[in-house]
Amino acid sequence: MAIKAVRGVRDILPSETGKWQRVEAAGRKTFEAYGYREIRLPLFERTELFARGIGGETDIVKKEMYTFDDRGGDSLTLRPEATAGLLRAYIEHGFQVEPKPVRLYTAGPMFRYERPQAGRYRQFHQANVEALGEVNPAVDAEVICMLMDFFFALGLGERLALHVNSIGDVGDRAGYIVRLVDYLRPHAAALCGECQARLGRNPLRVLDCKVPDCQPVVEKAPSILDSLSPEAAKHFESVRSYLDTMGQAYTVTPRLVRGLDYYVRTTFEVKTADLGAQDAVAGGGRYDGLIERLGGPADPGIGFAIGLERVVLLLGDAEAASRPFVLLIPLGDPALQRLMPVARAVRRGGVTAELGYGARKLPRELERANRLGVAYAVIAGENELAAGEAVLREMKTGEQRRVPIAALAAELCALSGRGVSPKSVSPEGVSPKGVSPKGVSPKGVSQ
Ligand code: ATP
Ligand code: MG
């Protein structure tokens, strides 16, 4: 029996990678426009880092981590999220001496042992952005606007809703939790089993529960916004006024508490109505105090994570898969020898070219040209070669004309809209053997 991929882990196939590349490019472009620089982090870290950096009471640390002992006996964990590792690197490499805020982004696979379903996998991908060392609420607003600009760049702006909240400082939260538990206790019987357990351990997380039965209780819960200290309330008010200043629409959602133990003040999430239960495409928040907790300086921080699978799902199938522009069809080995350097020159010019290897008959190669969906085919057999030419066929119309082989690369580049000069596509060593640079002359073209 053939071995299959691990449950909850998927291949991203060539038919999808075009969309992935577009999403990644939009992220890069947007984040770099805001001054963020890329950092690349390891896929596994010491288990302790996540226990300290995410929080022992979170779902992630309690039940979703891939943890193992390596051969030296160290407990390691495949990263379930990127912030902890990024902050570890921030501390380890002394980033705090750089001008604040230090702006970093990263992207890559994350690993969580969850129940696989549409939009939820055991290996999935996130793009992460963090602004470190700045408490000003303007940073919160800027980071949120950048996240929305990323979606705007992908044409998804209209389909997404931004939710913002403040969960106050650690002290505010302690007071709120007392009020929340007072409210929830009498309704405990109406809550799901998991939430009944959360009541004792981590009551805030009840607000985050997605089980339908819990919703009526959760909806009437007291608002955390009524428990904010004057400082935290002012911070939130400023974040909102800066969002208004930048013309960014949002909904204040007091139930938005998010999954990390160490969020303070601003939290936010981007949701869609188009993906069923897996409706969060991105989320983030402020985590002042976390860097210090991890053994670093007392620098504040704020950041977000985008779930890339869900973004790609939203893009749908509208995107045309990328196709080669031309198929070069040599008939026989001498023709192959003449077309190989042409293919190389065209490819150096940035145009996608496929090359036949001379052994197949013309009808089969033309069939292949159709299946590849190329715009042009170039055919060279004995007759054409004798005249130093090839046949250029436009696939859609079936129109054909003869082009000198020496001029072919430039012609194809021009047709593809690359407009590359003949010189740049015929670099030394790539011009067809025995053809002088002046070979572009129409000499020998049959009219
Ligand atoms: P959810 O409530 O969907 O479990 P989360 O709060 O656990 O999300 P975060 O830790 O905030 O998620 O991660 C940020 C984003 O990463 C999510 O909004 C989501 O888009 C994506 N994400 C999280 N877990 C998965 C997963 N198992 N598979 C695919 N995407 C995921
Ligand atoms: Mg989760």
Side-chain angles (χ1 to χ4, degrees), residues 50-62 81 83-84 87 90-91 96 100-101 130-141 143-144 163-185 195 197-209 217-218 220-243 250 252-269 283-304:
F50 300 116
R52 256 159 82 184
I54 301 173
E57 280 305 318
T58 58
D59 281 352
I60 294 179
V61 172
K62 278 196 116 66
E81 55 98 61
T83 307
L87 298 185
Y90 177 86
I91 297 164
Q96 69 267 21
K100 306 280 179 56
E130 317 285 347
L132 307 166
E134 180 60 68
V135 282
N136 197 305
V139 175
D140 306 32
V143 160
I144 292 170
H163 297 264
V164 300
N165 190 27
S166 174
I167 58 170
D169 291 309
V170 178
D172 307 343
R173 214 146 57 226
Y176 173 70
I177 288 172
V178 173
R179 288 178 56 210
L180 179 63
V181 172
D182 282 348
Y183 162 79
L184 289 174
R185 274 258 138 73
C195 280
R198 284 174 178 143
L199 246 179
R201 279 201 329 260
N202 194 358
L204 264 192
R205 198 94 327 120
V206 173
L207 298 179
D208 207 23
C209 183
V217 178
V218 166
K220 294 200 192 67
S223 168
I224 197 164
L225 292 173
D226 299 331
S227 300
L228 301 189
S229 66
E231 297 76 39
K234 185 159 169 282
H235 185 98
F236 190 41
E237 203 185 295
S238 300
V239 172
R240 291 165 57 178
S241 93
Y242 291 137
L243 287 174
Y250 57 87
V252 175
T253 304
R255 285 191 291 129
L256 179 62
V257 292
R258 310 267 313 128
L260 261 68
D261 278 358
Y262 303 117
Y263 277 129
V264 293
R265 302 195 173 189
T266 314
T267 58
F268 52 97
E269 207 158 73
R286 185 167 267 289
Y287 45 80
D288 304 349
L290 180 55
I291 296 177
E292 198 172 11
R293 213 191 137 75
L294 292 173
D299 288 348
I302 179 168
F304 61 75

Has [X] got a side-chain atom pairing as donor or acceptor with [Y]'s backbone, closer than 3.5 angstrom?
X: Tyr176; Y: Pro222; result: yes
X: Glu231; Y: Lys234; result: no
X: Thr253; Y: Arg255; result: no
X: Thr266; Y: Ser166; result: no
X: Arg286; Y: Tyr263; result: no

Practice task
Answer yes or no for Arg240 and Phe236: cation-pi contact, defined as NZ/CZ to six-membered ring centre under 6.0 Å and angle to ring axis within 45°.
Solution key: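 Yes; both conditions hold, so Arg240 lies above the ring face of Phe236.
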
When you check the side-chain N and O atoms of [X] and [Y], is any donor under 3.5 Å from an acceptor?
X: Ser227; Y: Asp172; value: no
X: Tyr90; Y: Asp299; value: yes
X: Glu237; Y: Tyr242; value: no

Practice task
May I have all residue pairs that pass salt bridge (Lys or Arg N to Asp or Glu O under 4.0 Å) and include part of residues 197-206, sequence neighbours excluded?
Solution key: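 Residue pairs with at least one partner in residues 197-206: Glu57-Arg201, Asp59-Arg198, Glu194-Arg198, Arg205-Asp261.
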
State, with a plain yes or no, whether a side-chain heavy atom of [X] is found less than 4.5 Å away from one of [Y].
X: Ile167; Y: Val264; answer: no
X: Leu184; Y: Val206; answer: yes
X: Asn165; Y: Tyr250; answer: no

Exercise for the section: Mind listing the closest non-hydrogen atom pair of Gly168 and Arg173 along with its distance? Expected result: O-NH1, 3.7 Å

